[in-house]
*Asks:* 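Please see the structure below; I have some questions.
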Amino acid sequence: MPSTQKELAADKPVDLALYCCSGCGVVQHDLAPVNYFKEVIRASGVSAEMRKFRLEQFSSFLAKYGLAGKDIFEAGCGKGEYLEIMQHAGASVTGYEYSDTNVQACHAKKLSAVRGYFENGDEKISNKLYDGFFILNYLEHIPDIPAFLRGVRNNLKEGAAGIVEVPNFDMIQKNCLITEFSTEHICYFTEQSLKNTLELNGFDVKNICCVWHNYIISAEVIKRPNPNLRGFAGRGEKITADLKHFISRHRKTIWWGAGHQALTTLALANLSEKEICFVVDSSPDKQGHFTFVTHIPIVSPEELSKTDADAVIISCGGYSDEVANTVKEKFKNKFDVAILREDGVELL
């Protein structure tokens, strides 16, 4: 942004030191953000060539992801230059913009716009979730990109699609375009580092390429779904019921296995020494210790020869069948043997 008359006295040159993240590959300068970084400042209009390009791009995007007539927002919409084009392409659009002047300019054009900025990631644009979004040459201005992208994700439906564009640092490097460095642009992205950034922040990149005379990297993304944990509901109760039923049918029961899955199951089912007289494990490092929470003693396999127990529950993950075969072969019919499988107790 050029200086005003009042700002000239304080206007001084600066040195930009650039640093590259060894993890994601993003390049960033070390200065504080400019005081207007939340606001989108674009040229007063969109050229005929750019308008044609955007209309074709947006129309293709809406068709590809089934977003015609759906709710889409632009994060950092400026005065609505691209909102108009996306609306013309066939979407129901809303702008999210920090500058009140820009928001009012959108309203003057009869465009929906909300004042705000994704600072913490929990901001809501409205009381609904959106089907898609776009961020055009704005991400490079953001000092806290994870918080910003978290805010974007939190306003999207599962599977929502988006377009994210940034200046092309691959081209800047190749052509040594030193004048592309600016205090306004905090971050510089290659195709790979943009892909890394988006994927590290909850988006799956479906397509990424260079557009607009190679000046812009354009990524099409999908909001990555959260893990589906519904299948876990009731699983603990079922396993506990299976174990209790097996134990109730026997005089004394032994547990074989002190790995993390076995110990977690014992705690989950709240089994005590009244139900499991001891836990067997082949590892000397575990013998002589006690299970978490339930405090059952852990002993060596030799104790099976001395016990008057009549049942063994085996919980050894991928080794369970091998252990079960060993117990049955060595002790014949001394024990009823069961294996704790993923979905319950299997009596052998």
Side-chain angles (χ1 to χ4, degrees), residues 1-4 7 10-42 73-79 82 95-103 113-125 133-156 162-170 172-173 177-203 205 208 215-219 221 223-224:
M1 170 70 74
S3 300
T4 64
E7 293 170 336
D11 187 31
K12 304 292 182 184
V14 297
D15 292 326
L16 286 179
L18 299 175
Y19 299 88
C20 180
C21 175
S22 60
C24 66
V26 174
V27 171
Q28 179 177 327
H29 70 58
D30 64 342
L31 297 182
V34 295
N35 57 15
Y36 50 86
F37 73 88
K38 297 178 182 179
E39 304 177 15
V40 171
I41 302 168
R42 292 194 177 114
F73 71 87
E74 181 182 11
C77 69
K79 293 181 171 65
Y82 294 136
Y96 193 57
E97 166 64 44
Y98 184 78
S99 166
D100 186 59
T101 300
N102 286 348
V103 171
V114 176
R115 185 170 186 269
Y117 172 80
F118 296 127
E119 188 149 21
N120 300 313
D122 55 4
E123 297 83 0
K124 291 295 182 182
I125 299 174
F133 74 99
F134 56 114
I135 310 170
L136 304 182
N137 293 295
Y138 182 40
L139 199 65
E140 66 273 13
H141 297 259
I142 307 301
D144 189 346
I145 288 175
F148 187 86
L149 290 177
R150 185 165 60 249
V152 172
R153 287 188 81 254
N154 287 341
N155 282 274
L156 295 171
I163 301 172
V164 181
E165 293 187 350
V166 294
N168 182 4
F169 190 60
D170 285 311
I172 292 171
Q173 292 182 90
L177 299 180
I178 193 169
T179 54
E180 287 291 326
F181 294 108
S182 163
T183 55
E184 294 182 346
H185 289 187
I186 297 172
C187 295
Y188 299 84
F189 298 91
T190 63
E191 279 193 37
Q192 186 60 57
S193 64
L194 178 61
K195 185 173 186 289
N196 292 343
T197 299
L198 294 169
E199 291 184 341
L200 286 168
N201 287 283
F203 295 94
V205 177
I208 189 165
Y215 272 91
I216 296 172
I217 300 172
S218 182
V221 302
K223 177 184 174 180
R224 185 181 306 128

*Asks:* Which heavy atom in Tyr188 sits nearest to a heavy atom in Ser182, and how many Å separate them?
*Replies:* OH-N, 3.0 Å
*Asks:* Distance from Ser99 atom OG to Tyr117 atom OH, nearest 0.5 Å?
*Replies:* 14.0 Å
*Asks:* Identify the heavy atoms of Ile145 and Cys187 that sit nearest to each other, and give their distance.
*Replies:* CD1-SG, 3.8 Å
*Asks:* Between CD1 of Ile125 and CG of Leu156, what distance do you get to the nearest 0.5 Å?
*Replies:* 8.0 Å
*Asks:* Go through Leu149 and Phe118 one step at a time and tell me if the side-chain contact (heavy atoms from CB on, under 4.5 Å) criterion holds.
*Replies:* CA-CA 8 Å; Leu149 290 177; Phe118 296 127; over 6 Å; no
*Asks:* Contact between Glu199 and Arg224 at the side-chain level, heavy atoms closer than 4.5 Å - yes or no?
*Replies:* yes
*Asks:* Has Lys124 got a side-chain atom pairing as donor or acceptor with Asn154's backbone, closer than 3.5 angstrom?
*Replies:* yes
*Asks:* Mind listing the closest non-hydrogen atom pair of Phe169 and Ile217 along with its distance?
*Replies:* N-CD1, 4.3 Å
*Asks:* Taking side chain as C-beta onward, heavy atoms only, is Phe133 less than 4.5 Å from Val164?
*Replies:* yes
*Asks:* Does Leu139 form a side-chain contact (heavy atoms from CB on, under 4.5 Å) with Leu194? I'd like the steps, not just the answer.
*Replies:* CA-CA 10 Å; Leu139 199 65; Leu194 178 61; 4.2 Å; yes
*Asks:* Is it the case that more than 12 heavy atoms not belonging to Tyr215 sit under 6.0 Å from its OH atom?
*Replies:* no
*Asks:* CG/Asn120 to CG/Asp144 distance, rounded to the nearest 0.5 angstrom?
*Replies:* 8.5 Å
*Asks:* Within the side chain of Ser193, is there an N or O that forms a donor-acceptor pair under 3.5 Å with the backbone of Phe189?
*Replies:* no
*Asks:* Verify the distance criterion only: is there a donor paired with an acceptor across the side chains of Glu184 and Tyr36 at less than 3.5 Å?
*Replies:* yes
*Asks:* Just wondering, do Arg153 and Phe203 contact through their side chains at under 4.5 Å, heavy atoms?
*Replies:* yes
*Asks:* Looking at Asp122, is its backbone amide N or carbonyl O close enough to the side chain of Arg150 to form a donor-acceptor pair, meaning the two atoms are under 3.5 Å apart?
*Replies:* no
*Asks:* Do Ser218 and Ile163 have side chains that approach each other closer than 4.5 Å (heavy atoms only, starting at C-beta)?
*Replies:* yes
*Asks:* Is it true that Glu97 and Arg42 make a salt bridge, defined as a side-chain N closer than 4.0 Å to a carboxylate O?
*Replies:* no
*Asks:* Have a look at Val221 and tell me which of Asn201, Ile135, Val152, Leu198 forms a side chain to side chain contact (heavy atoms under 4.5 Å, CB included) with it.
*Replies:* Leu198
*Asks:* Are the side chains of His141 and Ile186 in contact, using a 4.5 Å heavy-atom criterion?
*Replies:* no
*Asks:* Say you draw a straight line from CD of Glu140 to CD of Gln28; how long is it, rounded to the nearest 0.5 Å?
*Replies:* 12.5 Å
*Asks:* Would you indicate whether the side-chain heavy atoms of Glu74 and Tyr82 approach each other to under 4.5 Å?
*Replies:* yes
*Asks:* Kindly state whether the ring of Tyr138 and the ring of Tyr96 have centres lying under 6.0 angstrom apart.
*Replies:* no
*Asks:* Is a donor on one side and an acceptor on the other found under 3.5 Å between the side chain of Glu123 and the backbone of Gly121?
*Replies:* yes
*Asks:* For Lys38 and Tyr98, which heavy atoms make the closest approach, and how far apart are they?
*Replies:* O-CB, 3.4 Å
*Asks:* Under 3.5 Å, which donor-acceptor pairs link side chains of residues 13-27 to any protein atom two or more places apart or in another chain?
*Replies:*
none

